[in-house]
Amino acid sequence: MSLSYQEKCLWLMFVTLLGFFGFYFAMALSTSSVDVRPQQVALFVLAVVLMVIAQVGGHIVIAILDRRFRTDERDRLIALKGTRNGDFVLATGVFLSLCAAVVTEGNFIFTHLLLAFWVVSQLVDFASQLYLQRRGV
Amino acid sequence: MGKRGDRITNEIRALRFDQGDMTQQELADRVGVTRQTVNAIEGNKYSPSLEVAFRIARVFKVPLERVFQYNDD
């Protein structure tokens, strides 16, 4: 069965999020520091801007190629379940980041831990939706 | 889907063929859902809302029970 419009969008979000933030973490974590440096902030902003451009461009291409785009009740239910799964991860990450903020020096570790868990929660959200699109809900 | 999916079955595929080989896309367009949703309903991977269920029955011009069956055993 070919990919639906929703599945194509989800794959786009999943791959761009993984790609651009994977790049950011690979660059930012290659040097250790106590606090977040201005270069890392600039790298983060660059990653976000490039990711947004890639996602907007990708959605435009998908919409042009798949003119029968429509979302229905099943898509909305799957989105809700994906968000719920992602929220479990995000809540865990917030808690662990707060613990890290208390026990570690500076803001480098807790900032990147929080960001990492946000990225993972989004990936879990998209992966859950892709799984439910295929398996059924 | 689990138990709920096993209890509710449907005759949508047979009704589509009875209606002059209606495609899943045609049914989806008339009901207002995606073709993937029609496919999921036919494969018992998704139970539609009451509104969608009634719309499907109205497209085929048959009672709801002719389209969907509930097995309570």
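Note on naming: letters A, B, ... go to the chains in the order of the sequence lines (proteins, then strands), and numbering restarts at 1 for each one.
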Surrounding CZ of A:R84 (heavy atoms of other residues, nucleotides or ligands, distance under 6.0 Å), is the total greater than 12?
yes

Connected via hydrophobic side-chain network under 4.5 Å: A:L90 and A:F14:
yes

Would you kindly confirm whether A:V119 and A:V15 end up in one hydrophobic cluster when ILVMFWY residues are joined by side chain heavy atoms under 4.5 Å apart?
yes

What's the shortest heavy-atom distance between A:R135 and B:K45, and which atoms?
O-CD, 3.4 Å

If you group Ile, Leu, Val, Met, Phe, Trp and Tyr by side-chain heavy-atom gaps below 4.5 Å, do A:F25 and A:F126 land in one group?
yes

Are there residues of residues 15-33 of chain B that reach to under 4.5 Å of chain A by heavy atoms, and which ones?
B:Q25, B:A28, B:D29, B:G32, B:V33

Tell me, yes or no, whether the heavy-atom count around A:W118 atom CH2, taken from other residues, nucleotides or ligands under 6.0 Å, exceeds 12.
yes

Hydrophobic cluster membership, with links at side-chain heavy-atom distances under 4.5 Å among I/L/V/M/F/W/Y: are A:L98 and A:F88 in one?
no

Toward chain A: residues of residues 48-60 of chain B with heavy atoms under 4.5 Å:
B:P48, B:S49, B:V52

Roughly how far, to the nearest 0.5 Å, is CG of A:D75 from CD of B:Q36?
8.0 Å

Would you say that A:Y5 contacts B:T34 through its side chain, given a criterion of any heavy-atom pair below 4.5 Å between the two side chains?
no

Do A:L130 and A:L17 sit in the same hydrophobic cluster, where Ile, Leu, Val, Met, Phe, Trp and Tyr count as joined when their side-chain heavy atoms come under 4.5 Å apart?
yes

State the CD1-OG1 distance between A:I78 and B:T37, to the nearest 0.5 angstrom.
7.5 Å

